Amino acid sequence: NIFLSFFDKEKNNWIFSSKIIKSNNTQLLSAILRSFADADGTVTCTVKNNCHFSRRIAIYNKTKILLQQLQNILKKFNINCSIKIDRTARQDFIKGQLVNFPTTYSLRITNYKNLKIFKDKIGFKIKRKSNKLEDIIKSYKHIGREYQTEDYYKVLSLYKKFNNCR
């Protein structure tokens, strides 16, 4: 099966083969990212008092290594993202049966620049996700500057370094 040649198995989890990781074929890589975003992803935005917050694309998976590989592929498109624990492992009863749920991770793409590149270079095949992404991109106020999380962290570290001086 040609599809399975794109994957390797590590500790009973599927991850991408080195053939995919080393590829610079943007058509192939964007198709892979799009398929994961369509299948295991969501586009979210919180609106409160007519203000938009927490605009993001999130892709969920139990295999952190797979999400790290997707993160590296996204970097090839100049898209920055982060990986967080979305839900820790737990047990729950479903219809009288004790079920084990694994830890779930989320890969999160935030801010105007990253969301816009995702829309332009990768996109969604699922129309409702595509429309929602378009809407949240339009919700940004254009004030002529863009900031990323990394910029804020740098400013905070400099602020601490200079001992809050004025």
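Just so you know, these numbers come straight off a predicted model, no measurement behind them.
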Margin query: Checking side-chain polar atoms at under 3.5 Å, does Ser139 have a donor or acceptor matched by the opposite partner on Arg55?
Written below: yes
Check: Any chance the side chains of Ser106 and Arg108 put a donor and an acceptor closer than 3.5 Å?
Finding: yes
Could you tell me the separation between the [atom1] atom of [X] and the [atom2] atom of [Y], rounded to the nearest 0.5 Å?
X	Y	atom1	atom2	value
Ile137	Cys45	CD1	SG	11.0 Å
Ile32	Ile73	CD1	CD1	5.5 Å
Ile57	Asn114	CD1	CG	9.0 Å
Leu115	Cys81	CG	SG	11.0 Å
Lys19	Asn25	NZ	CG	12.5 Å
Phe118	Lys113	CZ	NZ	14.0 Å

Item checked: Non-neighbouring partners of Lys127 that pass side-chain contact (heavy atoms from CB on, under 4.5 Å), sequence neighbours left out -> Asn131
Note, [X] side chain near [Y] side chain (heavy atom, < 4.5 Å):
X	Y	answer
Ser30	Arg34	yes
Ile85	Tyr105	yes
Ile109	Arg56	no

Check: With the threshold set at 4.0 Å, does a side-chain nitrogen-carboxylate oxygen contact exist between Asp120 and Lys116?
Finding: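 The answer is yes: the pair qualifies as a salt bridge.
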Item checked: Check ion pair Asp40-Lys62 (N to O, under 4.0 angstrom) -> no
Notebook entry, point to check: Do side-chain atoms of Thr103 reach the backbone of Ala89 as a donor and acceptor pair under 3.5 angstrom?
Noted result: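 Checking the backbone N and O of Ala89 against the side chain of Thr103, a donor-acceptor pair under 3.5 Å is found.
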Notebook entry, point to check: Counting only N and O atoms by type, is there a donor-acceptor contact under 3.5 Å from the side chain of Lys119 to the main-chain atoms of Phe124?
Noted result: no
Check: Which atom pair, heavy atoms only, marks the closest approach of Asp38 to Lys129?
Finding: O-NZ, 2.7 Å
Notebook entry, point to check: Taking Leu70 as the fixed residue, which of Leu29, Leu107, Asn61 is the one that meets the side-chain contact (heavy atoms from CB on, under 4.5 Å) rule?
Noted result: Leu107
More than 12 non-hydrogen atoms from neighbouring residues, nucleotides or ligands closer than 6.0 Å to [atom1] on [X], yes or no?
X	atom1	value
Lys64	NZ	no
Lys121	NZ	no
Ile21	CD1	yes
Lys76	NZ	yes

Item checked: Steps toward side-chain contact (heavy atoms from CB on, under 4.5 Å) verdict (Leu67, Tyr60) -> CA-CA 8 Å; Leu67 292 179; Tyr60 301 92; over 6 Å; no
Notebook entry, point to check: How are the rings of Tyr112 and Tyr140 set relative to one another: parallel (under 30°), tilted (30 to 60°) or perpendicular (over 60°)?
Noted result: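 Tyr112 and Tyr140: perpendicular rings.
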[Y] reachable from [X] in the ILVMFWY side-chain graph, under 4.5 Å edges:
X	Y	value
Ile126	Phe36	no
Leu66	Leu28	yes
Ile122	Ile20	yes

Notebook entry, point to check: Who else is in the cluster with Phe93 when I, L, V, M, F, W and Y are joined by side-chain contacts under 4.5 Å?
Noted result: Leu98
